[in-house]
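A short write-up of the structure that comes next.
Letters A, B, ... mirror the listed sequences (proteins, then strands); counts begin at 1. All of these numbers come straight from a predicted model, not from anything done at the bench.
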There are 2 protein chains.
Amino acid sequence: MSSSAQKHDVFQAIADPTRREVLRLLAEKERPISEITAHFPMSRTAIAKHLQVLSEAELVSGQKVGREKIYRLHPEPLTELKQWLSFYEKFWENKLSILKHIVENPSDHAIGIIEREDDRQK
Amino acid sequence: MSSSAQKHDVFQAIADPTRREVLRLLAEKERPISEITAHFPMSRTAIAKHLQVLSEAELVSGQKVGREKIYRLHPEPLTELKQWLSFYEKFWENKLSILKHIVENPSDHAIGIIEREDDRQK
DNA sequence: TTGACATGAAACCAAATGGTTTTATATAAT
DNA sequence: ATTATATAAAACCATTTGGTTTCATGTCAA
């Protein structure tokens, strides 16, 4: 895993479940690497690399304090994700609202039958 | 790239820029593989594999019509992304609103503002 | 000052990823 | 019937990814 900047964007950064869990941990509070590592069944080195990826995406930043390196969440880049999502929201919200309408008005979706029944009665 | 189901989730599916562009194209209208391929500088086979990944994440589905396979967008799985994002929204929106407030009221930015906003939330 | 602790850095590795080319098969059009 | 079109499937390949182990370095504590 190289350390050059700009190699990972926010989409790639959140693709990995371990990294998403790291973000969740840092959302609670800032933590040193070893404390983060304690939550996972893998080595400190592996976590350090995940932090590197998150750092390239600018979702976290680390500051050395004494012999520890304290990482903290930096959620702003997620706005890019939100923007990307908003484009698709209209699509699925439309679909879901149609579904919602059917569920809330169970009589409506048999209109054809009802009209035919009315016709018969005439 | 294997074809077994459940191997790719929505987070992985959208991590690749090509796949995001494929989604955008399918948001406009449903299209056969070759029409999608025409928008990219890579082979039809490569695009077919990307469609496979998107299909595993249930973001698209393909239906054979004659000799073509027509793919269409299936945006519902993006709700998972939206839910995941909503957890972090409060963080950055808080930060941005504080910044906005400071920008709009240059006179009264010391610490007091932030502490007062924290108090309101308690 | 001597360990113990927290991290950094490098070498290594297997598997996944993102692409290619080749070959085969079904359908449409002439 | 023949040919062109659209896709499928498989083999192959280089690079990236996600992990490891090992060794070096800086810092805190006794």
Side-chain angles (χ1 to χ4, degrees), chain A residues 1-26 29-72, chain B residues 1-26 29-72:
Chain A
M1 216 162 277
S2 101
S3 55
S4 62
Q6 239 68 348
K7 229 185 58 180
H8 292 98
D9 62 18
V10 67
F11 290 92
Q12 293 173 257
I14 66 161
D16 185 90
T18 299
R19 285 195 290 270
R20 290 198 298 276
E21 181 68 7
V22 168
L23 290 180
R24 221 214 48 192
L25 290 169
L26 293 179
K29 59 174 183 189
E30 43 183 48
R31 307 173 189 257
I33 299 185
S34 48
E35 185 183 328
I36 300 172
T37 302
H39 291 79
F40 296 92
M42 65 186 74
S43 69
R44 176 195 53 86
T45 312
I47 296 297
K49 288 185 191 175
H50 282 304
L51 286 166
Q52 176 69 38
V53 173
L54 291 170
S55 186
E56 285 169 16
E58 300 189 300
L59 282 165
V60 306
S61 65
Q63 185 197 355
K64 244 190 305 181
V65 175
R67 58 182 163 182
E68 297 186 325
K69 187 163 183 184
I70 312 290
Y71 275 90
R72 71 159 163 282
Chain B
M1 216 162 277
S2 98
S3 54
S4 61
Q6 238 65 350
K7 233 185 59 182
H8 292 96
D9 63 17
V10 66
F11 290 93
Q12 292 172 258
I14 65 161
D16 185 271
T18 299
R19 284 195 290 269
R20 290 199 296 277
E21 182 69 6
V22 168
L23 289 180
R24 219 214 49 194
L25 289 170
L26 293 180
K29 59 175 182 187
E30 44 183 46
R31 306 174 191 257
I33 300 186
S34 48
E35 183 183 329
I36 300 172
T37 301
H39 292 79
F40 297 92
M42 64 187 73
S43 69
R44 176 195 55 80
T45 311
I47 296 298
K49 289 185 190 175
H50 282 303
L51 285 166
Q52 176 69 38
V53 173
L54 291 170
S55 185
E56 286 170 15
E58 301 189 296
L59 282 165
V60 305
S61 65
Q63 185 196 354
K64 243 188 306 180
V65 174
R67 57 181 165 185
E68 295 187 325
K69 188 164 182 183
I70 311 291
Y71 275 90
R72 70 159 164 281

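Between B:M42 and B:T37, the shortest heavy-atom contact is O-CG2, 3.7 Å.
Here the side chain of B:R44 is nearest to one of C:dT20, C:dG18, D:dA9, namely D:dA9. Closest to the B:K69 side chain, of the nucleotides D:dA11, D:dT7, C:dC5, is D:dT7. The side chain of B:T45 has C:dT22 as its nearest neighbour among D:dT7, C:dT22, D:dT20. Picking from C:dA9, C:dT21, D:dA6 the nucleotide with the shortest atom distance to the side chain of B:S34 gives D:dA6. Here the side chain of A:A46 is nearest to one of D:dA4, C:dT20, D:dG19, namely D:dG19. Of all nucleotides listed (D:dT7, C:dG18, D:dT20), D:dT20 comes nearest to the side chain of A:M42. Residue B:R67 places its side chain closer to C:dA28 than to any other of D:dT17, C:dA28, C:dA6. Which of C:dT17, D:dT17, C:dA11 sits closest to the side chain of B:H8 comes down to C:dT17.
Here the P atom of nucleotide C:dT17 and the CD1 atom of B:I47 are 17 Å apart, to the nearest Å. Distance, B:Q52 CD to C:dG19 C1': 16 Å, rounded to whole Å. Rounded to whole angstrom, the span from the CG atom of A:L51 across to the C1' atom of C:dA9 amounts to 16 Å. Per the geometry, CZ belonging to B:R20 stands 15 Å off C1' belonging to C:dG18, to the nearest Å. Spacing between atom NZ of A:K49 and atom C1' of C:dC13 amounts to 10 Å, rounded to whole angstrom units. If you take CD1 of A:I14 and C1' of D:dT17, they are 17 Å apart, rounded to a whole angstrom. Computed from coordinates, the B:E35 CD to D:dT5 P distance equals 16 Å when rounded to whole Å. In this structure, A:I33 atom CD1 and C:dA9 atom P are separated by 10 Å, rounded to whole Å.
Where B:I70 and A:D16 meet DNA chain D, the nucleotide closest to each residue was compared, and B:I70 sits on the side nearer the 5' end. Between A:Q12 and A:G66, the residue whose closest nucleotide on DNA chain D is further toward the 5' end is A:Q12.
Between A:I47 atom CD1 and A:E35 atom CD the span is 12.5 Å, to the nearest 0.5 Å. In this structure, NZ in B:K69 is found 9.5 Å from OG in B:S61, a value given to the nearest 0.5 Å. The distance from the CG atom of A:L26 to the CD atom of A:E21 is 10.0 Å, given to the nearest 0.5 Å.
In this structure a side-chain-to-backbone donor-acceptor pair under 3.5 Å is present from A:R20 to A:A15. Looking at A:R19, its side chain does come within 3.5 Å of a backbone N or O of A:A13 through a donor-acceptor pair.
Phosphate proximity of D:dG19 to A:H50: present, with a side-chain N or O under 4.0 Å from OP1 or OP2. Distances shorter than 4.0 Å separate none of the side-chain N or O atoms of A:S43 from OP1 or OP2 on D:dG19.
Between the side chain of A:K64 and the base of D:dT27 there is no donor-acceptor pair of N/O atoms closer than 3.5 Å.
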